[in-house]
Trainee: 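Structure below; questions to follow.
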Amino acid sequence: MAELRTGGVAELLEISRAWLVDPVAGREGPGELIVRDGILQAVTWLEGAEAEGIGPDGVIVAPGLLDLHVHLREPGNEDAETIATGLAAAAHGGFTTVAAMPNTTPAADEPSVLARVAAAAAASGLPVELLLHGAVTVGRAGERLAALGELADAGAVGFSDDGAPVKTPVLLRNALLYLGPFGTPIFEHAEDPGLTAGAEAHEGVVSAILGLKGWPVAGEEAAVARDLAILAAVLPDARGARLHLTHLSTAPALDLVRRAKAAGLPVTCDVTPHHLAFTDEWVAGARRWAWEALDAAGAPRDPWADGALVARPYSTACRVNPPLRSADHAAAVLAALLDGTADAVVTDHAPHAQVDKEAEFGLAANGISGVETALSVLLAAVVAGKLPLRRAIEALTTGPAAVLGARAGRRGAARGLVEGAPADLVVVDAADRWTVTAEALASKGKNTPLLGRELPGRVLLTVANGRLAYRDAEAR
Ligand SMILES: [Zn+2]
């Protein structure tokens with residue numbers, strides 16, 4: 001273990017007395033495993049006296065995590081992130097596969113851009129697998145479709161104009177029709193810009209008190225309703241059409257997805273750690289978790305009356321799109337994750353250079369640097385008794401893998417903890433805490449309202465495809 005270097009083969013690794021979580025096998029419990037020459041050689045589930053004293057509140061081993069939605073900023077904005085720093089950050093977060101959004105400069109709207117990004121990933125020397133989404137429209141401009149077939153052939157795992165919705169209904173319809181035979185999902189950022197132009201924060205009590213222009217819940221609900229109607233209309237002509245709604249943040253939008261799934265529509269969706277655990281009162285300076293911000297009747301508490309404001313208001317680290325919602329919507333996001341309406345948790349990792357956040361709230365860039373804190377934020381929900389550990393891990397492994405199907409590859413998230421396959425796993429100590437600081441983050445993006453906060457769940461080790469991707473300096 002001592003001689004292991006990042007990027008090198010995990011030659012010998014013995015993890016004893018850990019809590020194994022394997023969502024592929026549908027199993028969790030005490031166990032041990034051995035990795036030799038990069039191969040997961042033995043997985044032993046312990047029982048009886050051997051299992052005594054081993055619980056999910058200690059060292060946890062899970063398959064390597066899969067994030068369907070990250071922004072790595074290269075090409076075009078390497079001050080904010082590069083492929084290499086983004087993949088290092090992913091490894092620190094326990095992810096062994098991430099899928100990058102195409103809103104780079106230039107946008108990933110033709111195969112040559114995908115090839116350039118893939119080359120940068122290979123050059124990084126990091127074993128984290130980088131999957132790529134292609135743009136739906138040329139330059140993400142919403143005027144004409146990109147070369148979707150060529151991009152799919154070049155390996156695009158999904159299509160998105162993320163940062164914005166697919167601009168017009170007819171473009172979305174044509175893209176779904178075109179991609180039907182490929183079965184490749186469209187990752188839709190659901191927002192009706194007619195309702196959200198100039199919006200700065202979730203429309204509600206907090207935005208009213210702070211004097212910020214509101215982003216109404218209907219802005220997401222209307223977009224989801226539009227998208228689902230178009231999906232239903234194209235299905236007779238495109239049985240393979242797939243719609244994936246990303247970073248849903250509101251109760252009514254999630255309800256629409258719940259009903260559409262019940263009706264058999266081929267729709268999936270994801271939610272983010274920040275929409276599930278943070279709330280709009282963070283913009284006012286509160287920092288309590290979303291589940292601590294609800295009263296007994298399920299309504300948001302008043303942070304001013306509660307004395308819950310502990311940080312300065314208008315921190316641009318809290319500016320994100322869709323915005324941090326009120327605690328009742330955050331509870332709906334958690335409920336959707338619990339009942340399977342939400343298939344996956346994605347980080348929407350959105351690193352920014354400091355200069356793009358040093359502005360007044362409404363002018364600052366949108367986004368939170370989140371790939372390194374996602375697992376810990378979910379573990380905070382687990383510790384609070386709001387989310388079963390197995391469900392949290394599913395949402396970061398089998399859930400997102402199922403959204404991509406065969407395109408997810410054969411890493412840990414799709415395969416589980418299988419003997420004889422290349423080791424692809426994360427080891428996290430749930431009993432240990434770490435403090436989120438600029439220095440602790442491998443990402444260039446230090447834009448997170450968690451800076452200075454102590455979180456549960458220190459990632460000790462990430463092994464990706466048999467190679468060491470991350471190792472905590474203090475891990476033995
Ligand atoms: Zn988005």
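Both ligands and their constituent atoms are indexed starting at 1 by order of listing. For this chain, numbers begin at 1 and follow the sequence in order.
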Trainee: Let's test this: below 2.8 Å, count the protein N/O/S atoms around the Zn ion (ligand 1).
Mentor: 3

Trainee: Look at the side chain of Arg173 and the backbone N and O of Ile230, then say whether any donor-acceptor pair between them is shorter than 3.5 Å.
Mentor: no

Trainee: Could you give the distance from CZ (Arg458) to CZ (Arg433), rounded to the nearest 0.5 Å?
Mentor: 11.5 Å

Trainee: In the structure I gave you, are the side-chain heavy atoms of His69 and His133 within less than 4.5 Å of one another anywhere?
Mentor: no

Trainee: Can a cation-pi geometry be assigned to Arg453 and Trp289, taking NZ or CZ under 6.0 Å from the six-membered ring centre and within 45° of the ring axis?
Mentor: yes

Trainee: Without swapping roles, check the side chain of Glu454 against the backbone of Thr435 for a donor-acceptor pair under 3.5 Å.
Mentor: no

Trainee: Give a yes or no on this: more than 12 heavy atoms of other residues, nucleotides or ligands lie within 6.0 Å of atom CD of Glu360.
Mentor: no

